[in-house]
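For reference, the structure discussed in these notes is given below.
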Amino acid sequence: MKLDGIELTKISDCLFEIPKTGKMRVPGRVYFSEHMIKSGAWDVESLKQVMNVAHLPGIQRYSIAMPDIHWGYGFPIGGVCATDCKHGVVSPGGVGYDINCGVRLASTGLEYSAIKHKIPELVNKLFDLVPTGVGGSGAIRKLEKNQIKRLLLQGSAWAVEMGYGRPEDVDFTEEQGFLRSASTEAISEKAFERGLSQVGSLGSGNHFLEVGVVQEVYDEFLASELGLFKGQVTVLIHTGSRGFGYQICEDFIKVHLKAGEKYGITLPDRQLACAPIDSPEGQDYFSSMSSAANFAWNNRQVIMAMAKKAFMDVLALGESDLDFRLVYDVCHNIAKMEDHIIEGKNKKVCVHRKGATRAFAPGSSLIPEKYRKSGQPVLIPGDMGRYSYVCVGTERAMQETFGSSCHGAGRLQSRKKASQMAKGRDLLSEMRRNDIIVKARSSSTLGEEMSEAYKDVSDVVDVMHNAGITLKVAKLKPIGVVKG
């Protein structure tokens, strides 16, 4: 099969391979269904990026793309690759500008039918408590530099220590909300300045705070293990490291462009700028990126505390009646040192996940003990008008994708084109007719984020489920959405 001149070999109903050509070091592998291909849910530029990533020094096995793939900076969004820790590289483009953009799912003990009439008031309260929009200041007053340094070096335990949540929240956060490789030594003053006032803020674009309801349960055992039941009210938080992480990426792309020349690295796209992992430039990026990841976990931890307060205030409930708890928190844009089986041997590699979710199998010591029978929760948000999914990782993910899965629906339309399509439509009323209350800082955001701008996330999730990479647990329907 050829897509705009790119050869794709069908491996299975859900997996296609791009053979090695030219100076590609490994083949490309793309998780798709023929339905998605026929419906046009792909773009040729992102497939070219899969091929470009395959040129990275030290890349292992495959350059991988998930079914939510779309064009990004250097790497495609939905891209995964692992590089050898001794002889490979780390690339800021393989993480992205929004370092540790991720999703946090909280559950409640509430049933939707009991609080449906309170959703408009709840959305208003959430909008008041959680700052949104471009450059918006956070729920915490502007921090001093020494305070933010502590935050960066402690991870989300800092927010808990400050009273935003409970100690057990840390246990249900990927990496326990803390990358130990974090250091502030190579972080620019501009990055610090951008981060001082943004802890506890949602940002704009595709970031959101969503009240949902468990609409469908696919596996009763797995749902029970995760504490989910049909009709239950949930909260999804999608945001990242805000301007702090953006600035770190921007700073190090410049550093790594020079490093590429210094170390004689030749690549087909300057946006793949990288440095050897064990070089000073590689280590400085990795430690700074880790700090930004810790910032993002704190950000989501604080927002979750604000969401809990909104529920308690609007519904006049105590903590025991609300039963608000963190199910799990996953990151989407990250590079991490992990052990994986490659050619039959255990090997330490640097796994880049850009618009992809870690999906570790049952039994892993790196997921909470409570979930070791079920596998790591994988949270896959869709668009604001349809649905999101909760899945779990599998052993097959460990074998095929370095323990990775998709991260969302994936864009079909650019923001500009989506805005043009939305002209003349009353999107708020359309959403209300579907029992979804939306509040946004900017009216332009609604057009850019309309459902038609995205792939149907159910198609994306089904590819990974049918491929055996993740298993579906539950579907969540949005009932109240806060956007930037």
Side-chain angles (χ1 to χ4, degrees), residues 2-9 17-30 43-66 69-97 99 186 248-289 333-338 340 342-343 347-356 402 404:
K2 281 193 175 183
L3 294 179
D4 279 8
I6 295 178
E7 187 71 39
L8 286 173
T9 302
E17 183 166 296
I18 303 173
K20 283 172 57 177
T21 59
K23 295 183 179 180
M24 288 173 64
R25 298 171 187 263
V26 295
R29 284 206 161 184
V30 185
D43 64 275
V44 68
E45 294 305 316
S46 63
L47 295 181
K48 289 178 181 177
Q49 289 185 317
V50 174
M51 298 172 69
N52 290 342
V53 170
H55 291 74
L56 288 173
I59 188 169
Q60 304 290 296
R61 297 184 65 194
Y62 309 107
S63 168
I64 301 169
M66 300 299 165
I69 181 178
H70 52 291
W71 180 83
Y73 184 93
F75 278 54
I77 298 168
V80 175
C81 89
T83 55
D84 182 276
C85 282
K86 292 182 180 178
H87 309 293
V89 296
V90 62
S91 172
V95 173
Y97 279 89
I99 296 167
I248 285 174
C249 181
E250 189 167 87
D251 291 341
F252 276 96
I253 284 172
K254 296 172 185 174
V255 171
H256 282 205
L257 281 169
K258 293 179 181 178
E261 297 174 4
K262 175 180 175 181
Y263 297 107
I265 299 171
T266 303
L267 294 166
D269 184 357
R270 282 171 55 84
Q271 292 184 359
L272 290 174
C274 60
I277 293 171
D278 61 0
S279 69
E281 296 89 343
Q283 288 297 298
D284 282 348
Y285 169 72
F286 200 84
S287 64
S288 301
M289 179 273 301
N333 294 353
I334 202 78
K336 289 195 292 190
M337 302 301 178
E338 296 175 359
H340 288 278
I342 298 172
E343 295 178 355
K347 189 172 187 178
K348 188 170 288 294
V349 291
C350 179
V351 181
H352 297 68
R353 296 186 181 97
K354 181 180 181 178
F402 302 104
S404 309

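Along the sequence shown, residues carry numbers from 1.
- Of the charged side-chain nitrogens involved, at least one lies within less than 4.0 Å of a carboxylate oxygen, so that K347 and D84 count as a salt-bridged pair.
- Between H55 and T266 the shortest side-chain heavy-atom distance does not fall below 4.5 Å.
- The closest donor-acceptor contact from the side chain of S404 to the backbone of A356 lies at 3.5 Å or more, if one exists at all.
- The residues E343 and R61 are annotated as not salt-bridged, no charged nitrogen and carboxylate oxygen being separated by less than 4.0 angstrom.
- Between S279 and Y263 the shortest side-chain heavy-atom distance falls below 4.5 Å.
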Worked verdict on H87 versus D278 for side-chain contact (heavy atoms from CB on, under 4.5 Å): CA-CA 8 Å; H87 309 293; D278 61 0; over 6 Å; no
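- At least one donor-acceptor pair under 3.5 Å links the side chain of K354 to the backbone N or O of G93.
- In this structure, the side chains of V50 and I18 come closer than 4.5 Å at one or more pairs of heavy atoms.
- Rounded to the nearest 0.5 Å, atoms CG (L56) and OG (S91) are 6.0 Å apart.
- A side-chain donor-acceptor contact under 3.5 Å links Q60 to the backbone of G58.
- Between T83 and P57, the closest heavy-atom pair is CG2-O, 4.1 Å.
- In terms of heavy-atom proximity, C350 sits nearest to V90 at SG-CG2, 4.3 Å.
- Side-chain atoms of Y285 and V95, non-hydrogen and from C-beta on, do get closer than 4.5 Å to each other.
- Between the CD atom in E17 and the CG atom in L8 there is a gap of 10.0 Å [rounded to 0.5 Å].
- Taking the charged nitrogens against the carboxylate oxygens, R353 and E338 do have a contact shorter than 4.0 Å, which makes a salt bridge.
- The backbone N or O of F75 lies less than 3.5 Å from no partner atom in the side chain of Q271, so there is not a single donor-acceptor pair.
- Distance CD1/I77 to CD/Q49: 8.5 Å, rounded to 0.5 Å.
- Using a cut-off of 4.0 Å between Lys/Arg side-chain N and Asp/Glu carboxylate O, K258 and E261 are scored as not salt-bridged.
- Within the model, atoms NE2 of H352 and CD1 of I64 stand 13.0 Å from one another, a figure rounded to the nearest 0.5 Å.
- The backbone N or O of I248 sits nowhere less than 3.5 Å from a side-chain atom of S288 that would complete a donor-acceptor pair.
- Between I265 and C274, the closest side-chain pair of non-hydrogen atoms falls below 4.5 Å.
- Between I6 and V44 there is a side-chain heavy-atom pair separated by less than 4.5 Å.
- Note: D269 CG to L272 CG = 5.0 Å, rounded to the nearest 0.5 Å.
- Of the inter-residue distances, the one linking D43 atom CG with L3 atom CG reads 10.5 Å to the nearest 0.5 angstrom.
- A heavy-atom distance below 4.5 Å is not found between the side chains of C81 and V26.
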Worked verdict on F252 versus E281 for side-chain contact (heavy atoms from CB on, under 4.5 Å): CA-CA 8 Å; F252 276 96; E281 296 89 343; over 6 Å; no
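- Using a 4.5 Å cut-off on side-chain heavy atoms (C-beta onward), P92 and H256 make contact.
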Criterion side-chain contact (heavy atoms from CB on, under 4.5 Å) on K20 and R25, from CA distance to verdict: CA-CA 7 Å; K20 283 172 57 177; R25 298 171 187 263; 5.9 Å; no
Worked verdict on Y73 versus C249 for side-chain contact (heavy atoms from CB on, under 4.5 Å): CA-CA 11 Å; Y73 184 93; C249 181; over 6 Å; no
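- Here the closest non-hydrogen pair linking N333 and G355 is OD1-N, 2.9 Å.
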